[in-house]
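Report on one structure; see the data block that follows.
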Protein chains: 2
Amino acid sequence: MKHDNRLSSVLHVLIHMIELDRPVTSAELAVMLNTNPVVVRRTMAGLREAGFVASEKGHGGGWVLSEPPAAITLFDIHQALGITDLFTLGHRSDNPRCLVEQAVNAALDDAMTAAKALLMARLKTITLADLTADFQKRMEPFGQTTLADMWNRHLKTKGHSAKGDPK
Amino acid sequence: MKHDNRLSSVLHVLIHMIELDRPVTSAELAVMLNTNPVVVRRTMAGLREAGFVASEKGHGGGWVLSEPPAAITLFDIHQALGITDLFTLGHRSDNPRCLVEQAVNAALDDAMTAAKALLMARLKTITLADLTADFQKRMEPFGQTTLADMWNRHLKTKGHSAKGDPK
DNA sequence: TTTCATGTAACTTTAAATGTTACATGATAG
DNA sequence: CTATCATGTAACATTTAAAGTTACATGAAA
């Protein structure tokens with residue numbers, strides 16, 4: 001099954017944006033995700049339309065959060081991405097004429113609806129601030145250097161800056 | 001997202017097998033699923049290995065249930081199919097070195113684990129007998145002719161019998 | 001001994017997610 | 001004012017997993 005990695009990706013870069021606390025370009029985010037700036041823009045577009053982030057063009061431009069991390073839940077992000085399919089389980093046919101198949105689909109839909117409700121309820125209880133706090137706890141064993149420091153220092157090193165779109 | 005339709009498919013044909021109450025060939029089941037006998041055999045293989053159905057070669061051969069419908073749950077079938085991936089949501093990378101990504105993955109895994117547990121618990125409460133009963137309730141408005149009658153009559157009609165594998 | 005049926009390996013097709021290329025738009029530095 | 005940096009997005013290519021297909025071996029029953 002080919003998965004939809006957008007939620008995971010977007011959460012990853014959102015936490016980095018919180019840590020960096022400055023406009024971050026698609027090129028930089030692409031390095032973090034080991035992908036391409038265009039993919040970043042395409043993925044972030046939904047979040048922008050939903051008002052959770054804003055983007056600016058030109059020098060000093062990039063992406064910033066539009067709301068405090070504690071005000072954004074994982075459910076918000078999930079919804080902003082427009083993800084509807086949650087399960088790999090599918091129906092052989094939608095609107096089947098066969099009554100047997102209708103009974104089967106009804107039973108499976110029932111179970112999946114309940115599981116989806118639970119998952120969405122869980123995502124509503126977790127904010128970006130929670131994830132950031134968890135990350136910081138994971139950083140503790142490595143001393144008080146912040147990831148933001150490391151990244152910003154990294155960017156100043158010759159040959160390591162995140163390049164823009166390939167010409 | 002390309003779905004895994006095996007559970008839906010297999011449940012569909014299992015109920016038909018219960019209704020027909022005789023060995024049913026892969027060719028017949030393929031007609032019901034609007035697919036090909038080889039796909040049927042491949043999909044049913046897991047159920048055979050798990051002991052829920054048995055298959056016989058030669059004239060009068062085909063598939064039969066090995067256990068009473070009330071003794072087989074949807075969870076059993078799901079497991080017998082060897083389905084492990086349940087969610088379309090994926091991680092960008094497994095075993096990420098980035099602590100941010102680790103925090104994100106942990107949060108998402110947590111939520112998905114809970115949802116999976118609920119879904120599996122639901123599937124354990126539903127037996128093939130339950131699905132058959134639901135199907136029969138759906139049949140009521142159409143009078144007392146059974147689907148098995150219809151199908152068996154259909155097979156006797158010239159030109160409508162389920163053909164074997166294409167030569 | 002012919003026909004019917006399953007078993008399975010190997011290959012092809014399909015569809016969704018992701019990656020890539022190309023170019024338009026707009027903001028800022030100098 | 002124009003070169004550079006950055007986003008926005010359409011169009012196309014690649015990748016991968018599910019499903020479909022072909023081919024042939026095995027075995028049971030008429």
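Naming: A, B, ... by sequence-line order, numbering from 1 per chain.
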Per side chain to side chain contact (heavy atoms under 4.5 Å, CB included), B/I126 is matched among B/L74, B/I72, B/L11 by B/L74

Taken to the nearest whole Å, CG/B/L89 to C1'/C/dT18 is 16 Å

Could you tell me the separation between the CD1 atom of B/I83 and the P atom of D/dA18, rounded to a whole number of Å? 9 Å

Relative to the 5' end of DNA chain D, which residue comes earlier, B/L33 or A/E49, by the nucleotide with the nearest heavy atom? A/E49

Indicate whether any N or O donor in one side chain lies under 3.5 Å from an N or O acceptor in the other, for B/S8 and B/N5. no

Closer than 3.5 angstrom, by distance alone: can the side chain of B/R138 be matched with the main-chain N or O of A/V100 as a donor-acceptor pair? no

Going by ring pair (Phe, Tyr, Trp, His ring centres under 6.0 Å), name the residues that satisfy it together with A/F87, two or more places apart in sequence or in a different chain. B/F87

With nearest nucleotide decided by heavy atoms, which residue, B/R92 or B/S26, maps closer to the 5′ end of DNA chain C? B/S26

Decide whether B/T113 and B/D110 meet the rule of one side-chain donor and one side-chain acceptor closer than 3.5 Å. no

Think B/S55 has a side-chain N or O under 4.0 angstrom from the OP1 or OP2 of C/dT6? no

Taking only Lys NZ, Arg NE, NH1 and NH2, and the carboxylate oxygens of Asp or Glu, determine whether A/R22 and A/E28 approach each other closer than 4.0 Å. yes

Between C1' on D/dA6 and CD on A/E28, what's the gap in Å once rounded to a whole number? 12 Å

Output the rounded distance in Å from CG (A/D85) to P (C/dA15). 15 Å

Would you indicate, yes or no, if D/dA6 has its OP1 or OP2 atom less than 4.0 angstrom from a side-chain nitrogen or oxygen of A/T25? no

Please confirm whether the shortest side-chain N or O distance from A/R6 to OP1 or OP2 of C/dG19 is below 4.0 Å. no

Collect all protein-nucleotide pairs involving nucleotides 13-16 of chain D in which both atoms are nitrogen or oxygen and the distance is under 3.5 Å.
unit_1, atom_1, unit_2, atom_2, d
D/dT15, O2, A/K2, NZ, 2.5
D/dT16, O4', A/K2, NZ, 3.4

Donor-acceptor pair, distance only, cut-off 3.5 Å: does the side chain of B/D21 make one with the backbone of B/I18? no

Would you indicate, yes or no, if C/dG19 has its OP1 or OP2 atom less than 4.0 angstrom from a side-chain nitrogen or oxygen of A/N36? no

Euclidean distance, atom CG of residue B/L29 to atom C1' of C/dT6 [Å, nearest integer]: 12 Å

Side chains of A/T25 and A/W63: do they bring a donor and an acceptor to under 3.5 Å? no

Specify the separation, in whole Å, of atom CE of B/M44 and atom P of C/dG7. 10 Å

Using only heavy-atom distances, decide whether a donor-acceptor pair under 3.5 angstrom links the side-chain of A/R42 to the base of C/dT20. yes

Rounded to whole Å, how long is the line connecting atom CH2 of A/W63 with atom P of D/dT7? 7 Å

For C/dT18, does either OP1 or OP2 sit under 4.0 Å from a side-chain N or O belonging to A/N5? yes

Please enumerate all protein N or O atoms sitting under 3.5 Å from an N or O of nucleotides 28-30 of chain C, with distances to 0.1 Å.
unit_1, atom_1, unit_2, atom_2, d
C/dT28, O2, A/H59, ND1, 3.3

How long is the line joining CG of A/N34 and C1' of C/dG19, in whole Å? 12 Å

Between A/E19 and A/T132, does any side-chain donor sit less than 3.5 Å from a side-chain acceptor? no

Under a 3.5 Å threshold, yes or no: a donor from one side chain and an acceptor from the other, between B/H12 and A/N105? no

Ignoring the backbone of A/V38, work out which of D/dT9, C/dA9, D/dT7 is nearest its side chain. D/dT9

Is there a donor and acceptor pair closer than 3.5 Å between the side chain of B/R48 and the base of C/dG7? no

Under 4.0 Å: is that the gap between some side-chain N or O of B/R41 and OP1 or OP2 of D/dT26? no

